[in-house]
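Naming: A, B, ... by sequence-line order, numbering from 1 per chain.
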Amino acid sequence: MSKEEKKVNRRDFLYTATYTVGAVGIGAVIWPMIDQMNPDKAQQALATTEVDISQIEPGKSITVLWRGKPVFLKRRTTEEIAEARAVSLDDLPDPQKDEDRVKDGKDEWLVMLGVCTHLGCVPLKDKGDYKGWFCPCHGSHYDISGRIRKGPAPKNMEIPKFEFVDNNTIKIG
Amino acid sequence: MAKFKLTKIFFLISIVFFPYSTHSAEQTDPIKINWSFKGLTGKFDRASLQRGFQVYKEVCASCHSMEYLTYRNLGEPGGPEFSEMEVKAIAASFEVIDGPDSQGEMFTRPGKPSDKFVSPHPNKEAAAAANGGAYPPDMSVLVKARKGGANYIYSVLVGYEDPPPGVTLDQGVYYNKYMIGNKIKMPNNLIEGLVDYADGTESTVDQMAKDVTTFLAWAAEPELEERHKTGVKVIIYLVLLTFLVYLSMKKIWSRIDTKV
Amino acid sequence: MSEQEYIPKSKAGKWLNDRLPILTLGAHLTDYPTPKNLNYWWTFGGILTFCLITQIVTGIVLAMHYVAHADLAFGSVEHIMRNVNYGWLIRYIHSNGASMFFLAVYIHILRSLFYGSYKSPREVIWIIGLMIYLLMMAAAFLGYVLPWGQMSFWGATVITNLFSAIPLVGESITTWLWGAYSVDNPTLNRFFSLHYLIPFLILGLVILHIWALHVPGNNNPVGIDIKKPSKDTVPFHPYITIKDAFALLVFMIIFAGFVFFTPNVLGHSDNYIPANPLVTPAHIVPEWYLLPFYAILRSVPDKLGGVILMFGSIFILFVLPWLDTSKVRSAVFRPIYRQFYWIFVFDVLMLGYMGAMPAEGIYLVLARVGTIYYFLHFLVVLPVVGYLEKTDPVPMSISDPVLTGGAEPSLAKKDNGKI
């Protein structure tokens with residue numbers, strides 16, 4: 001390698017290094033500008049809600065707000081549970097067993113995000129062809145387990161992370 | 001030949017930075033403490049923050065609000081860093097007004113980490129009424145809101161004295177060497193041994209004043225440690241890039257006869 | 001170079017350029033022949049562009065979290081500082097950015113004053129620049145009100161009350177500005193709206209400022225007209241861009257020092273006390289960059305007179321190109337003006353210092369002396385010195401150290417007049 005070539009290489013290396021280090025800095029500056037739009041610490045802190053369920057009669061349901069979205073808590077009757085479990089998985093667009101949608105030993109409690117998986121509307125209870133929920137926006141029918149049966153929605157209604165703090169309290173989130 | 005010279009400008013600017021001497025003669029300069037959170041890499045003393053919170057909770061909180069703090073802050077990095085369980089226990093020890101419930105009634109419940117610090121009074125007027133007409137200032141950003149910052153707060157806490165001869169004080173007014181105007185409506189609350197520190201530290205007046213001031217300094221600037229850490233990184237990065245750009249500049253300008 | 005027709009190499013580029021000659025503009029900016037002797041005082045144009053963009057970007061971000069309501073504004077700023085991801089960083093960049101912006105603009109203006117950049121044929125650049133400066137002051141004032149602390153509130157009260165000095169309609173104007181009978185929630189709301197608007201007006205003026213600059217081209221430390229392109233010039237890129245980048249980085253190090261290690265040193269502690277219409281802070285002072293004007297305002301014992309003089313001290317700059325009678329631009333070749341220049345700089349700094357002091361005793365006397373001298377500088381010193389001063393010989397070109405008319409200064413001056 002001639003002296004001249006060496007010189008050229010060193011210069012190229014300097015410019016490349018400068019550009020690279022500069023680009024890293026620009027990247028590092030852009031991140032805070034993007035991250036500031038993510039949920040802030042106060043929003044994150046509100047990510048759990050505790051609900052008192054002692055007043056809910058079998059067959060009834062309540063709706064609570066969690067992270068700005070409705071959560072349906074339904075205390076199902078034995079007949080309703082039986083009906084949900086009788087459905088063949090082949091009839092379901094999004095096959096899922098009812099057992100997988102509730103907590104073991106707490107079969108009567110269905111806790112799910114009350115948001116239609118189509119475009120985010122809130123379905124109406126005790127409506128539709130399957131006596132579960134019906135979304136009035138674009139006609140999605142859900143069964144008593146909150147599974148999609150008919151209509152444009154692609155998925156069953158989502159089960160959020162939740163746990164039983166005691167027999168009367170559910171913590172969502 | 002006089003060019004637009006840097007030295008001249010520095011000289012002129014230095015005139016502007018004459019020590020300001022606006023404070024009145026009655027006020028004594030605050031005591032200067034070598035706080036651990038001072039300086040470019042300053043950090044809070046974790047143990048002191050936890051003790052400071054105890055002093056706040058047991059002494060200050062009966063009059064002063066801290067409305068911009070939440071209990072979860074106590075467990076966040078850069079702060080007192082209580083454990084998650086401790087934060088929950090601290091929060092639960094306060095009664096929080098919540099509601100309305102399904103009946104439209106307000107109710108009280110134990111606090112949660114996401115709750116704001118409970119204020120001792122429902123509003124400013126009530127706070128003033130309960131304290132002889134003087135509103136005890138909210139302490140969330142108190143350290144940033146006072147000239148002299150942490151040094152000033154500490155000095156006022158330990159600056160109670162008997163008034164010098166000739167100074168008469170109204171009922172409910174106290175003499176303080178460091179307070180602006182020397183008159184303060186807050187009584188001297190820090191008495192030796194007042195707080196039973198969980199970590200066994202002896203609760204002298206000086207210790208309590210230092211701890212609670214550290215706590216307030218953190219409350220005002222919870223981002224301080226992250227800010228210092230990021231700052232050091234940013235400056236190192238900028239110096240490196242400046243050096244590279246300087247070399248590149250020299251190279252580019254070496255193509256022509258003019259110097260940069 | 002820029003004088004020649006630019007033809008894009010690619011077909012797509014040519015298609016676009018025929019419809020919107022944006023590539024021609026890009027080529028013009030890249031190749032723009034720039035005097036090769038520009039010193040570091042000329043890098044502040046680029047630094048100021050950086051400041052403007054930084055303020056706009058961080059400002060838009062802050063507006064996503066800020067609440068312009070008298071009851072919520074203070075708390076929303078604390079929310080930004082405590083909860084928003086990187087909120088503290090973005091807010092401290094924005095608040096210290098205002099100070100850095102003014103620091104840069106003052107150096108930029110002082111450079112112009114020293115090297116005579118405001119003189120023919122660059123008067124329009126100068127005037128647009130002053131309009132930018134005025135808008136900057138408005139934006140800074142409006143922005144300072146938004147956190148709704150004690151200094152915000154009382155600063156807004158004092159500044160809006162300046163308008164009440166106007167005879168007959170003053171009171172009505174003040175009430176109209178407030179939208180209430182004092183500085184209150186409607187005031188805060190409209191100040192927020194205007195604070196958001198002004199930076200974009202500044203951006204428009206900056207484009208005009210650069211456009212106007214590119215007609216005659218840059219002035220330079222020697223202050224002579226140069227042929228472009230010639231051996232006295234270099235293409236803007238990469239020569240000037242890399243130099244600007246270097247200066248900008250040094251500036252950013254200082255900027256970062258403020259943001260990360262002393263973020264509140266340029267502010268006032270009273271602004272961390274929520275606005276209270278019942279109590280005025282003991283010492284109200286504006287931010288440091290407005291102090292000289294504040295000193296001029298307070299040095300006049302008459303309300304209307306003070307306001308007129310304060311605004312006059314800025315508006316007199318608009319006629320500066322016609323007050324300075326000297327044909328030689330650069331102070332390098334003006335031995336007498338050079339002395340007065342530094343006296344003037346000292347005077348402004350002194351006024352700034354007096355603006356921070358209580359308006360009483362010796363401070364008031366010095367503020368008055370400073371105010372009188374400020375106006376004397378423009379109205380008497382500049383016209384007279386321009387006529388009487390015997391300037392030093394000026395070189396023919398930047399590369400050529402040969403002086404006009406050899407060693408004979410009188411010839412040099414004569415020749416110089418033709419430039």
Side-chain angles (χ1 to χ4, degrees), chain A residues 4 6-33 35-36 39-57 60-68 70 73 163 165-166 168-173, chain B residues 67-79 82 84 87-88 90-92 96 98-103 105 107 109-117 140 222-223 226-227 229-255:
Chain A
E4 198 54 30
K6 255 185 199 161
K7 223 177 164 183
V8 168
N9 276 345
R10 203 185 314 137
R11 197 179 60 202
D12 284 349
F13 173 73
L14 176 62
Y15 295 158
T16 311
T18 310
Y19 276 126
T20 313
V21 174
V24 168
I26 290 168
V29 167
I30 287 173
W31 172 243
M33 300 297 156
D35 191 37
Q36 54 88 16
D40 61 45
K41 285 189 207 148
Q43 290 291 330
Q44 288 166 20
L46 293 175
T48 62
T49 305
E50 287 187 10
V51 188
D52 177 12
I53 52 170
S54 58
Q55 306 298 317
I56 306 170
E57 301 293 329
K60 297 286 174 201
S61 72
I62 62 163
T63 306
V64 296
L65 203 63
W66 175 67
R67 283 186 175 177
L73 289 96
E163 62 187 68
V165 178
D166 54 51
N168 290 327
T169 316
I170 287 178
K171 189 174 105 178
I172 307 168
Chain B
E67 60 171 319
Y68 298 118
L69 273 86
T70 54
Y71 295 113
R72 68 181 155 79
N73 294 142
L74 296 169
E76 282 166 359
F82 285 107
E84 202 187 326
V87 172
K88 277 189 178 161
I90 289 168
V96 175
D98 201 348
D101 61 14
S102 51
Q103 306 303 309
E105 303 290 329
F107 58 93
R109 57 163 174 79
K112 291 188 285 193
S114 60
D115 285 320
K116 287 187 165 185
F117 275 27
S140 312
E223 88 295 345
E226 193 192 351
R227 177 156 60 74
K229 258 189 263 166
T230 316
V232 169
K233 281 186 222 157
V234 167
I235 300 268
I236 290 171
Y237 166 80
L238 283 175
V239 169
L240 170 72
L241 184 60
T242 307
F243 181 65
L244 283 173
V245 168
Y246 176 77
L247 292 180
S248 301
M249 177 176 76
K250 282 285 180 195
K251 276 272 188 238
I252 289 170
W253 279 75
S254 69
R255 294 176 206 164

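- Environment of OH in Y237(B): crowded, with over 12 heavy atoms of neighbouring residues, nucleotides or ligands closer than 6.0 Å.
- Taken from OH in Y15(A) to CG in L247(B), the straight-line distance is 10.0 Å, to the nearest 0.5 Å.
- Contact of I252(B) with chain A is made through backbone and side chain together, with heavy-atom distances under 4.5 Å.
- Applying the ring-ring contact (aromatic ring centres under 6.0 Å, His included) criterion to W66(A), with sequence neighbours excluded, gives no partner residue.
- To the nearest 0.5 angstrom, T49(A) atom OG1 is 6.5 Å from K112(B) atom NZ.
- Among all heavy-atom pairs drawn from A45(A) and S114(B), the shortest one is O-CB, 3.7 Å.
- More than 12 heavy-atom neighbours from other residues, nucleotides or ligands sit within 6.0 angstrom of NZ on K250(B).
- At a 4.5 Å heavy-atom cutoff, the contact between A42(A) and chain B is made by backbone and side-chain atoms alike.
- Counting non-hydrogen atoms of neighbouring residues, nucleotides and ligands closer than 6.0 angstrom, the CZ atom of F107(B) exceeds 12 such neighbours.
- Nearest heavy-atom pair across T18(A) and V245(B) is CG2-CG2, 3.6 Å.
- Looking at S248(B), both its backbone and its side chain come within 4.5 Å of chain A, counting heavy atoms on both sides.
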